[in-house]
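Note sheet for the following structure.
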Amino acid sequence: MKLDLLGDFQRTHRNGDLRLEHAGQTVRLLGWCRRVRNLGSLVFLDLRDRWGLVQLVAKEETADPELLAKLKAVRSEFVLAAEGVVAERENKNPNMATGDVEIRLTALRILNTAAPLPFPLEDEGVGEDLRLTYRFLDLRREQLQRNMLLRSEVASLTRNHFRELDFIEFETPILTKSTPEGARDYLVPSRVHAGQFFALPQSPQLFKQLLQVSGFERYVQICRCFRDEDLRADRQPEFTQVDVEMSFVRQEDVQGVIEPLMVKLAKLVGKKVSAPFPRLSYRDAMEWYGSDKPDLRCGVRIQDATSLFASSGFNLFRAAADTRGQRRVRTLFFPGEAAGSLSRKALDAYQEQARQMGAGGLPYAKWGKDGLASSFKKFLDPGVEAALKDRLSVEGEGLAIFAVGTDAQTSKVLGDLRTRIALDLSATEPDPALSSLFHDKHAFVFLWVVDFPLVEWSEENQGFAACHHPFTSPHPDDLDLLETDPGKCRSLAYDLVLNGFEVGGGSIRIHDADTQSRMFRTIGIGEAEARAKFGFLLDALAFGAPPHGGLALGLDRLVMLLAGVDNIREVIAFPKTAQARCLMTDAPGPVDERQLRDLHLIQDAKQTYRVGAVFFESVEGGNAEFRGQALQQISQLTPRQAQGLVTFDSRGQILDAQTLSGPTFEF
RNA sequence: GGGGUUGUAGCUCAGUCGGUUAGAGUGCCAGCCUGUCACGCUGGAAGUCGCGGGUUCGAGCCCCGUCAGCCCCGCCA
């Protein structure tokens, strides 16, 4: 098809802006054809641009025949420039913003054609692999356009927020140094320094601290971070942080800067949130909700039931009572009819989930229409049942589930099932009593989880590791524990949690060299290693580092929640798959051997041989098998009689070849 | 590293107990159609049943392996 040129055609209006008030005006529009409706001698076309959709029309009795023919040739997603007169429609479409008007075409340019799309833009439920392969088309879809716009608004609002508070925006290096601990680094080999590597930043942590030492008392950056770990629905290998650091602050000061930002962002999507947000200690969060990022839309709390089974015949539970707190029986009670009438099948599914979380099973007690049902009913004699009902405040119907084990084990199981079951029940429960269970699915419930432990024991490394990161300040009240009982030492770290997602985390940092050295020692980083890896930080702390602290927000996750979607890929323009591939570009991919040699990633052990029918037998040294392969490959390209030189690498791959008299071949 | 799940026409899916020529809707192509907006009507083309192997007289269906997408566990200071 012959294409028209854009030429000096200029848009006069955005498609979505046209209204009755424009009637009579001649307008020039640009965009993509969403769909043609060809009724024979009457043709409609919906023209889409970034701002909306408007209907174009032409009919046989009034339109130029050439124009009409051209219009009929248009297919979905053709790129068009249209000129026409705005007119009131005969049949209005109340479902369209521009549904009162249509554009009676006077001229049409086809700027580009489009092959039929591999998937329809209107449909939901297209396979995600397809969408990711043709992401540039996927991004034409309304939902993703909205998400990208929201993301842009969030970034812009965030920048303005910090700017108003006199923060300075920085750019820190992408090529930086690998650091121990934390996530696996993405590495970049150095060409200039054989055998040495840059690492992509897991976060600009040290740089922002050093900028505090430099005197930039308020730092902000919206930056890309990289962690080479396995993915999840809310995790990508490269992600964006809103990175913040401040000098001369307590954690309340940092929180006080973040909270109003969250209020504004929530307002952006029509959610009302009020600051200050509640604070919950890590210990209470784990005890009541079994999670360090509890979803407080659900009010159900974990309760301790260990003592109720101290003299029970149920060995599994009684044994826990004998351990004096090492192992406990913990339980969750979901009140209501829906919980009391949960099917065996549903309970089995929850049990399967519990198993995946490391539990042996999922003991339950259910009070339904037919009275008590329980997986350990024979041990629930009336006395124990009454005590249990009293402990759990059971009135009427409901479901109690149990977990037994160490706090870490039971928290994991109950923490996960708490929200899972509550969410399921709230979808089916007609009973308003459930409001105590899951208040408002659509609400935004923020909180701060504070007083995280400083370090935790790592079985894998047989030593303590930093919970947050090694630069986090110990809680001043617990400083002495650093050497005596590090596992009990609290830190000045805090996480911002929204609806069960960690959307941010930060801490007050260590700002004196002595404490930093003690911290390194606690987590098994010796003097020499600390010097080698963080010498610059220790130096900086020695030259007048101010007390400082900050936080980083996970922008992708935040936008995901603001957009109300359940997958981070929906708010990233070009995301990776769960296997960390880009289906569109097919990255990562192989590179030329030349590049590998430049980067010193393969040995430069190339060997050159003379090949050809005449000289082949007289070639000296080298690997006979390689010579044979080379001869075979060369003979496919040039007559067997030719003679030439072939260069191999150490694995027998041909790097290049040339005949003595003729052409050079590339491999 | 482990577990689960999905893979059939461009797309979304059905395909019974292993048995004739693998179907539907939609999209695409062609024709008709003056008020459509998921336009309508008629006709047509369209398949490496993800890939490889095996069992069988016979495999989309059963077995083994493998690749890819998604979800979860481990991991993610």
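Here is how names work: the chains are called A, B, and so on, in the same order as the sequence lines, proteins then strands, and each is numbered from 1.
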Out of [options], which nucleotide sits closest to the side chain of [X]?
X	options	answer
A:Asn91	B:G2, B:G74, B:C37	B:C37
A:Lys59	B:G35, B:U12, B:C71	B:G35
A:Lys412	B:G69, B:G35, B:G74	B:G74
A:Met96	B:C28, B:C11, B:C37	B:C37
A:Ala233	B:C71, B:U36, B:U34	B:C71
A:Arg581	B:G2, B:C75, B:G69	B:G69
A:Leu39	B:C39, B:G69, B:C37	B:C39
A:Arg235	B:G74, B:C71, B:U34	B:G74

Rounding to an integer number of angstrom, what distance separates [N] and [M] when you compare their [atom1] atoms?
N	M	atom1	result
B:C75	B:A22	C1'	44 Å
B:C49	B:U21	P	15 Å
B:U66	B:A46	C1'	29 Å
B:G19	B:G2	P	35 Å
B:U8	B:C13	P	9 Å
B:G69	B:C29	C1'	31 Å
B:G44	B:G53	P	37 Å
B:C61	B:G52	P	13 Å

Look at the side chain of A:Gln145 and the backbone N and O of A:Leu139, then say whether any donor-acceptor pair between them is shorter than 3.5 Å.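 Flag set: sc A:Gln145 to bb A:Leu139 pair under 3.5 Å.
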OP1, OP2 of [N] versus side-chain N and O of [X]: anything below 4.0 Å?
X	N	answer
A:Arg569	B:C71	yes
A:Arg37	B:C39	yes
A:Arg232	B:C75	no

Take atom [atom1] of [X] and atom [atom2] of [N], then tell me their distance rounded to the nearest Å.
X	N	atom1	atom2	answer
A:Arg420	B:C73	CZ	C1'	12 Å
A:Leu47	B:U36	CG	P	21 Å
A:Leu137	B:G27	CG	P	18 Å
A:Leu71	B:C33	CG	P	16 Å
A:Lys576	B:C70	NZ	P	13 Å
A:Glu238	B:C76	CD	C1'	16 Å
A:Leu121	B:G27	CG	P	14 Å
A:Tyr350	B:G4	OH	P	21 Å

Of A:Asn38 and A:Arg557, whose closest RNA chain B nucleotide lies nearer the 5' terminus?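 Looking at RNA chain B, the more 5' nearest nucleotide goes with A:Asn38.
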Residue whose closest nucleotide on RNA chain B lies nearer the 5' end, A:Asp123 versus A:Glu60: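 With A:Asp123 and A:Glu60 compared, the 5'-side residue is A:Asp123.
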For [N], give its Watson-Crick or G-U wobble partner with both distances under 3.5 Å, or none.
N	value
B:U55	none
B:U5	B:G69
B:G40	B:C32
B:G74	none
B:U12	B:A24

[X] near the nucleic acid: base, sugar-phosphate alone, or nothing, with a heavy-atom cut-off under 4.0 Å?
X	result
A:Arg75	sugar-phosphate
A:Ser41	base
A:Glu102	base
A:Ala465	nothing
A:Glu352	nothing
A:Arg35	sugar-phosphate
A:Glu90	base
A:Leu231	nothing
A:Ser203	base

What distance do A:Leu417 atom CG and A:Gln353 atom CD have between them, rounded to the nearest 0.5 Å?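 So the CG of A:Leu417 and the CD of A:Gln353 are separated by 6.5 Å.
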Hey, what do you get for CG (A:Asn15) to CH2 (A:Trp51), rounding to the nearest 0.5 Å?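 Here the rounded value is 9.0 Å.
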Regarding B:G74, can its base be found pairing with the side chain of A:Asp230 as donor and acceptor, where the two atoms are less than 3.5 Å apart?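 Such a pair exists between side chain and base.
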In terms of heavy-atom contacts, does [atom1] of [X] have more than 12 from other residues, nucleotides or ligands at under 6.0 Å?
X	atom1	value
A:Glu66	CD	no
A:Tyr186	OH	yes
A:Glu483	CD	yes

For the residue pair A:Phe452 and A:Tyr282, categorise the inter-ring angle as parallel (less than 30°), tilted (30 to 60°) or perpendicular (more than 60°).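 A:Phe452 and A:Tyr282: tilted rings.
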Taking 4.0 angstrom as the limit, do A:Arg141 and A:Glu570 come out as a salt bridge?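 Salt bridge between A:Arg141 and A:Glu570, a charged N being under 4.0 Å from a carboxylate O: no.
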Could you say whether the aromatic ring of A:Phe119 and the base of B:C11 stack, counting only centre distances under 5.5 Å and plane angles under 30°?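 No; by the centre-distance and plane-angle rule, A:Phe119 does not count as stacking on B:C11.
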For A:Asp514 and A:Ser517, does a side-chain donor sit closer than 3.5 Å to a side-chain acceptor?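 Note: A:Asp514 and A:Ser517 side chains miss the donor-acceptor criterion.
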